[in-house]
Amino acid sequence: MKVPIVLYLLVSGCAVPSVDEQENFVKDDDECDFMCGGNSPKIDHLGFHDLHMWGGLPSKNGFRLAGFRDPSGKPQGLAVTGAQIKGISTVPNTPPLIGASLIGSQFTVTRDNTSTQYLIKIADVGRVDYWAKLRGAVKQAVTYRLQWAQITNVDPVFEDICSKTADAGGISDFHAVVFEGDRVDAERKVDTEVDLHWFNIGCAGHLLAKLHLMGHTEGAKVGAGFATKLDERTTVVKMLSADYCGRGKAFTVAGVELTWRDDKSWMALSPITALIEARFGPNGATCLDTPRLLANPTDEGTALFPDLMKAIEDECAMPPACDQNTPGTHIFSANP
């Protein structure tokens with residue numbers, strides 16, 4: 001596990017991009033794949049899901065954290081621990097800013113190979129129940145409404161990073177969860193390591209938000225006691241994305257009905273009579289009955305996979321059917 005120290009970041013001067021540079025920037029493709037679903041955190045149409053807390057390394061799309069200021073505009077150190085953002089004062093023995101006291105705080109973010117700079121504002125702070133229950137107890141996660149604006153020579157106009165979704169799972173509209181450490185490879189659908197220099201942003205409906213509310217993140221472990229191994233976290237990523245073959249290919253779309261149960265008794269099927277879809281391990285499905293897009297088809301899913309079973313067979317050898325002899329795995333999914 002890589003562990004950081006708190007870094008105090010200062011906001012650098014504001015640079016205004018040329019019109020041509022702005023046009024080229026906003027026309028870039030959204031590189032965020034199914035891990036972000038149709039509800040990824042986006043700035044200028046670009047999807048991203050993590051930021052380096054020190055600002056030293058770029059995200060996949062070249063975003064870097066360049067500074068953090070409290071609601072009054074004073075520079076602060078930044079920490080994300082226990083799935084909570086914390087503003088660390090430069091004044092010794094000053095309590096950190098957490099929760100609602102962060103409303104109005106702002107991150108400054110830059111993007112490589114451009115002179116463009118952005119503000120990300122904490123517009124609201126809320127709470128949501130974890131879907132997972134530890135020994136039957138309900139625990140809560142912190143959520144944040146994050147808004148972004150481009151830094152120019154005029155007053156910034158903020159808009160929500162997260163969109164509204166019917167698949168929020170109890171998270172308030174336009175909110176996201178923020179949690180530290182997990183390095184999730186979006187292409188391979190693998191939780192590769194814990195590096196506390198990084199933090200993740202998962203909008204409601206986003207795979208990362210679901211992963212967190214299921215108690216399968218470092219933030220859920222530190223903040224709420226949900227202890228999981230990397231292989232277990234990867235298994236849940238595979239299940240949520242319907243990566244049956246284990247190669248990173250998602251055979252689902254956002255919003256498909258599904259329920260699941262894990263071997264820790266944190267989550268139960270709803271309804272209990274739901275029929276098994278698949279069992280999952282860190283390398284994909286160990287068995288597969290009826291894929292979720294066949295059990296609960298959607299127009300988007302049918303358009304994307306007109307012959308779903310052939311698409312799976314083209315990707316890998318079809319997993320065997322599930323029966324009582326299928327080896328136990330960390331989690332299995334079922335079709336309500």
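The figures that follow rest on heavy atoms only: side chains count, while hydrogens, waters and symmetry mates do not.
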message = Looking at R247 and E315, would you say the former's side chain and the latter's main chain have a donor-acceptor pair under 3.5 Å?
response = yes
inquiry  = Closer than 3.5 angstrom, by distance alone: can the side chain of E232 be matched with the main-chain N or O of K229 as a donor-acceptor pair?
reply    = yes
request  = Please report the C-alpha distance between V237 and L207 in whole Å, then the side-chain angles of each, then the deciding distance to 0.1 Å, and finally whether the side chain to side chain contact (heavy atoms under 4.5 Å, CB included) criterion is met.
outcome  = CA-CA 7 Å; V237 172; L207 187 148; 4.1 Å; yes
Over all atoms of both residues, closest heavy-atom pair of Y144 and I85 = OH-N, 2.9 Å
query = Can you find a heavy atom in the side chain of M214 that is under 4.5 Å from one in the side chain of M239?
reply = yes
inquiry  = Has K238 got a side-chain atom pairing as donor or acceptor with G284's backbone, closer than 3.5 angstrom?
reply    = no
Ring centers of F158, W148 separated by less than 6.0 Å = no
message = Quick check for you: to the nearest 0.5 Å, what is the distance between H206 atom NE2 and K210 atom NZ?
response = 10.5 Å
Closest contact, heavy atoms only, F68 versus G87 = CE2-CA, 3.8 Å
inquiry  = Test of understanding: clusters of I, L, V, M, F, W, Y form through side-chain heavy atoms closer than 4.5 Å, transitively. Do V256 and I276 belong to the same one?
reply    = no
ask   = Between S89 and Q76, what is the shortest heavy-atom contact and its length?
value = N-OE1, 3.6 Å
ask   = Any side-chain heavy atom of V142 sitting closer than 4.5 Å to one from V125?
value = yes
note = Taken to the nearest 0.5 Å, the spacing of I312 CD1 from L288 CG works out to 5.5 Å
query = Which atom names give the shortest non-hydrogen contact between S101 and P71, and what distance separates them?
reply = O-CG, 3.5 Å
ask   = Should D307 and K310 count as an ion pair when the cut-off is N to O under 4.0 Å?
value = no
task = Answer yes or no: is there a side-chain heavy-atom contact under 4.5 Å between P156 and Q150?
result = no
key: Nearest-0.5 Å distance, CG of residue D185 to NZ of residue K60   = 8.5 Å
request  = Run the numbers on T228 and R233 for side-chain hydrogen bond (donor to acceptor under 3.5 Å, both in side chains), then give the verdict.
outcome  = CA-CA 7 Å; T228 53; R233 298 175 193 177; 2.9 Å; yes
key: F305 ring center within less than 6.0 Å of F251 ring center   = yes
Lys NZ or Arg CZ of K139 over Y130 ring: under 6.0 Å, within 45° = no
inquiry  = Taking P282's backbone N and O only, do any of them form a donor-acceptor pair with T234's side chain (distance below 3.5 Å, no angle check)?
reply    = no
inquiry  = Closer than 4.0 angstrom, basic N to acidic O: yes or no for K221 and E180?
reply    = no
query = Got a sec: does the CG of D299 have more than 12 other heavy atoms crowding it under 6.0 Å?
reply = no
inquiry  = For S72, is there any backbone N or O sitting under 3.5 Å from a side-chain donor or acceptor partner on D70?
reply    = yes
query = Closest approach of A278 and C287, non-hydrogen atoms and distance?
reply = CB-O, 3.2 Å
query = Quick check: does any side chain N or O of D262 sit under 3.5 Å from a backbone N or O of W266, one acting as donor and the other as acceptor?
reply = yes
query = In Å and rounded to the nearest 0.5 Å, what is the CG to CG distance from L65 to L78?
reply = 6.0 Å
Charged N-O contact under 4.0 Å between K249 and D243 = no
query = So which of T192, D50, N200 actually passes side-chain hydrogen bond (donor to acceptor under 3.5 Å, both in side chains) with R183?
reply = D50
key: In one Ile/Leu/Val/Met/Phe/Trp/Tyr side-chain cluster, 4.5 Å: L213, F174   = no
ask   = With distance as the sole test, does D182 use its side chain to make a donor-acceptor pair with the main-chain N or O of V184 at under 3.5 Å?
value = no
inquiry  = In this structure, would M318 and L308 fall into the same cluster of hydrophobic residues linked by side-chain contacts under 4.5 Å?
reply    = yes
note = Interatomic distance, CG@D124 vs CZ@R145, rounded to 0.5 Å, equals 7.0 Å
query = Less than 4.5 Å apart, any side-chain heavy atom of L146 and any of D160?
reply = no
ask   = Between the side chains of S59 and N61, does any donor sit under 3.5 Å from an acceptor?
value = no
message = Hydrophobic clustering (ILVMFWY, side-chain heavy atoms < 4.5 Å, transitive) - are L208 and V253 grouped together?
response = yes
inquiry  = I need the single residue from D289, L258, L294 that forms a side-chain contact (heavy atoms from CB on, under 4.5 Å) with N335. Which is it?
reply    = L258
inquiry  = Quick check against the 3.5 Å criterion: does T298 have a side-chain atom that pairs as donor or acceptor with the backbone of G301?
reply    = yes
query = Can you get from I120 to I103 by hopping between Ile, Leu, Val, Met, Phe, Trp and Tyr side chains that sit under 4.5 Å apart?
reply = yes
ask   = Is there side-chain contact between R111 and T116, with heavy atoms separated by less than 4.5 Å?
value = no
request  = Please report the C-alpha distance between E218 and F179 in whole Å, then the side-chain angles of each, then the deciding distance to 0.1 Å, and finally whether the side chain to side chain contact (heavy atoms under 4.5 Å, CB included) criterion is met.
outcome  = CA-CA 7 Å; E218 192 66 16; F179 59 89; 5.9 Å; no
query = Can a donor-acceptor pair be found between the side chains of T252 and R292 at a distance below 3.5 Å?
reply = no
message = I'd like to know if the side chain of Q106 pairs up with that of R69 as donor and acceptor (distance under 3.5 Å, no hydrogens or angles considered).
response = no
query = For F280 and S333, what are the C-alpha separation, side-chain angles and deciding distance, and is it a side chain to side chain contact (heavy atoms under 4.5 Å, CB included)?
reply = CA-CA 8 Å; F280 285 88; S333 54; 3.5 Å; yes
ask   = How many angstroms lie between CG in L196 and OG1 in T81, if you round to the nearest 0.5 Å?
value = 9.5 Å
remark   = Shortest non-hydrogen pair, W131 vs M267, comes out as O-CG, 4.2 Å
query = Do you see a donor-acceptor pair shorter than 3.5 Å between the side chains of T235 and H330?
reply = no
ask   = Are any side-chain N or O atoms of S105 and backbone N or O atoms of L102, one a donor and one an acceptor, separated by less than 3.5 Å?
value = yes
ask   = Is it true that the side chains of E277 and Y244 contain a donor and an acceptor less than 3.5 Å apart?
value = yes
ask   = Do F226 and T217 pass the side chain to side chain contact (heavy atoms under 4.5 Å, CB included) test, and can you show the C-alpha distance, the side-chain angles, and the key distance before you say yes or no?
value = CA-CA 8 Å; F226 293 104; T217 64; over 6 Å; no
query = Can you find a pair of side-chain heavy atoms, one from T108 and one from I151, that are under 4.5 Å apart?
reply = yes
